[in-house]
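This report concerns only the one structure given below.
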Amino acid sequence: MFGKGKNKEVFPRAGRVIFMKKDPGYGRIEVRECIENNALIRLLLVDDVRESAANMEEGRHYDLVFKYTKDFTIALERRPDIRNVLLLGGAGFSFPKYFISSVPEGHIDVVECNPLMFELAMKYFYLDELYREFDLNETRRMDVFLEDANDYLRRTDRTYDLIINDAYVSNRMDSDLLKDRQVRRIRECLNPGGVYMINLITAIRGAEATPGILEYEILNKHFRNTDMFACKSEMGALERQNMILVGTDGTWK
């Protein structure tokens with residue numbers, strides 16, 4: 001099937017680990033290539049947990065691969081006036097690549113605590129290509145801050161139309177960002193009617209649903225309108241999965 005043309009060069013690489021490093025205090029970091037849904041993709045993993053991905057097909061390097069990252073774009077669909085975005089947790093920079101390539105007037109700030117993630121995004125996940133294609137060093141449509149997200153929120157005076165919290169190390173989220181005082185601070189960093197979105201690993205019901213229930217209550221306390229939905233509706237309500245939580249003082253549904 002893959003014996004001719006371009007596929008002959010590309011598909012035999014599937015399953016190859018092209019980078020591996022044990023990062024003290026962070027975990028085992030790998031970059032691996034594999035075939036999913038008949039496409040060759042590049043994965044960024046921390047302790048075998050998927051942190052980010054990129055489609056390796058020419059012309060599709062900025063496509064979103066994971067379902068939960070695609071769900072972040074719901075905010076862009078419902079609020080086409082969104083221009084200024086803050087992403088907490090850059091990893092392979094999949095959402096920034098999509099945003100810069102899809103919203104011509106948009107600006108995004110990305111906060112990533114591990115400088116190695118930025119280096120890997122540049123080398124293996126086509127972030128260097130994005131910089132060249134959209135002349136980001138000149139236009140400054142994206143600013144990257146290599147620091148702890150909590151520190152950034154404490155010191156920044158910037159405000160945003162959309163803030164996305166995807167600050168994970170492996171499957172462990174930065175729990176400080178979920179606390180009441182930080183949600184209050186995040187709300188202060190939103191422009192009037194701005195949207196706050198969280199990617200949270202939780203279940204809908206049962207013993208594994210506690211993180212989602214607690215965080216939803218905090219959002220309900222600070223925002224007029226809240227929402228929570230599963231990224232994979234086919235999964236059982238008792239199973240842990242990526243859930244998107246939303247808080248806004250503007251309209252949502």
Side-chain angles (χ1 to χ4, degrees), residues 2 6-72 87-101 108 110-132 142 144-149 164-175 177 198-202 231-232 235 239-243:
F2 304 128
K6 186 177 180 181
N7 288 333
K8 183 178 181 181
E9 300 175 357
V10 174
F11 282 94
R13 294 185 294 178
R16 183 177 67 158
V17 175
I18 58 177
F19 176 89
M20 181 184 293
K21 180 180 180 180
K22 182 71 174 178
D23 193 342
Y26 203 86
R28 188 183 71 256
I29 300 172
E30 293 181 45
V31 177
R32 184 184 303 167
E33 294 172 354
C34 67
I35 297 172
E36 289 188 6
N37 300 318
N38 296 316
L40 187 64
I41 65 170
R42 190 167 283 163
L43 292 170
L44 176 61
L45 303 101
V46 177
D47 292 336
D48 293 323
V49 175
R50 297 173 167 214
E51 292 270 331
S52 196
N55 191 309
M56 296 178 65
E57 181 181 334
E58 202 66 38
R60 298 188 61 190
H61 293 167
Y62 309 149
D63 287 5
L64 295 171
V65 176
F66 294 158
K67 176 62 168 60
Y68 82 88
T69 57
K70 294 176 182 178
D71 285 337
F72 289 149
L87 173 65
L88 306 175
F93 282 67
S94 58
F95 185 82
K97 288 184 299 181
Y98 172 85
F99 180 76
I100 290 293
S101 62
I108 186 167
V110 184
V111 181
E112 170 55 53
C113 68
N114 190 342
L116 178 58
M117 290 295 174
F118 180 67
E119 295 173 17
L120 295 177
M122 291 290 282
K123 185 173 182 178
Y124 297 113
F125 291 88
Y126 310 107
L127 188 58
D128 59 334
E129 181 180 304
L130 188 82
Y131 268 85
R132 291 192 301 271
M142 179 169 68
V144 178
F145 301 91
L146 299 176
E147 62 181 292
D148 181 271
I164 298 173
N165 182 357
D166 193 26
Y168 276 87
V169 175
S170 183
N171 60 359
R172 305 180 303 277
M173 192 172 207
D174 186 335
S175 59
L177 290 173
I198 309 171
N199 167 37
L200 189 65
I201 298 176
T202 183
C231 295
K232 295 182 179 180
M235 292 184 66
E239 296 181 84
R240 295 174 76 243
Q241 65 154 305
N242 295 93
M243 302 278 290

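Since the model is a prediction, treat every value here as computed from it, not as a measurement.
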Roughly how far, to the nearest 0.5 Å, is [atom2] of [Y] from [atom1] of [X]?
X      : Y      : atom1 : atom2 : result
Ser94  : Tyr68  : OG    : OH    : 6.0 Å
Phe72  : Ile164 : CZ    : CD1   : 5.0 Å
Ile29  : Leu116 : CD1   : CG    : 4.5 Å
Asp128 : Glu119 : CG    : CD    : 13.0 Å
His61  : Glu129 : NE2   : CD    : 5.5 Å
Met56  : Leu40  : CE    : CG    : 4.5 Å

May I ask you to test the [X]-[Y] pair for a side-chain heavy-atom distance under 4.5 Å?
X      : Y      : value
Val111 : Asp148 : no
Lys21  : Val31  : no
Cys113 : Tyr26  : yes
Leu87  : Glu112 : no
Met117 : Asp23  : no
Arg28  : Asp48  : yes
Phe93  : Val144 : yes
Tyr168 : Asn199 : yes

Looking at [X] and [Y], what are the two nearest heavy atoms and their distance?
X      : Y      : value
Glu36  : Cys34  : OE2-SG, 3.8 Å
Ala121 : Ala91  : CB-O, 3.9 Å
Ser52  : Phe125 : O-CE2, 4.5 Å
Lys232 : Gln241 : N-OE1, 2.9 Å
Val110 : Gly90  : CG1-CA, 3.6 Å
Leu43  : Ala53  : CD2-CB, 3.7 Å

Steps toward side-chain contact (heavy atoms from CB on, under 4.5 Å) verdict (Lys123, Phe19) | CA-CA 11 Å; Lys123 185 173 182 178; Phe19 176 89; over 6 Å; no
With side-chain contact (heavy atoms from CB on, under 4.5 Å) as the test, would you mind laying out the steps for Tyr126 and Arg42 before giving the verdict?
-> CA-CA 10 Å; Tyr126 310 107; Arg42 190 167 283 163; 3.8 Å; yes
Phe95/Ile108 under side-chain contact (heavy atoms from CB on, under 4.5 Å): CA gap, chis, key distance, verdict | CA-CA 10 Å; Phe95 185 82; Ile108 186 167; 4.0 Å; yes
Output, in order, the C-alpha distance, side-chain angles, deciding distance and verdict of side-chain contact (heavy atoms from CB on, under 4.5 Å) for Asp174 and Leu88.
-> CA-CA 10 Å; Asp174 186 335; Leu88 306 175; over 6 Å; no
Aromatic ring pairing Phe118/Tyr131, orientation class (parallel under 30°, perpendicular over 60°, tilted between) = perpendicular
Mind jotting down which residue pairs meet the salt bridge (charged side-chain N to carboxylate O under 4.0 Å, His left out) criterion with at least one end in residues 60-71? Sequence neighbours excluded, please.
-> Glu57-Arg60, Arg60-Asp63, Lys67-Asp71
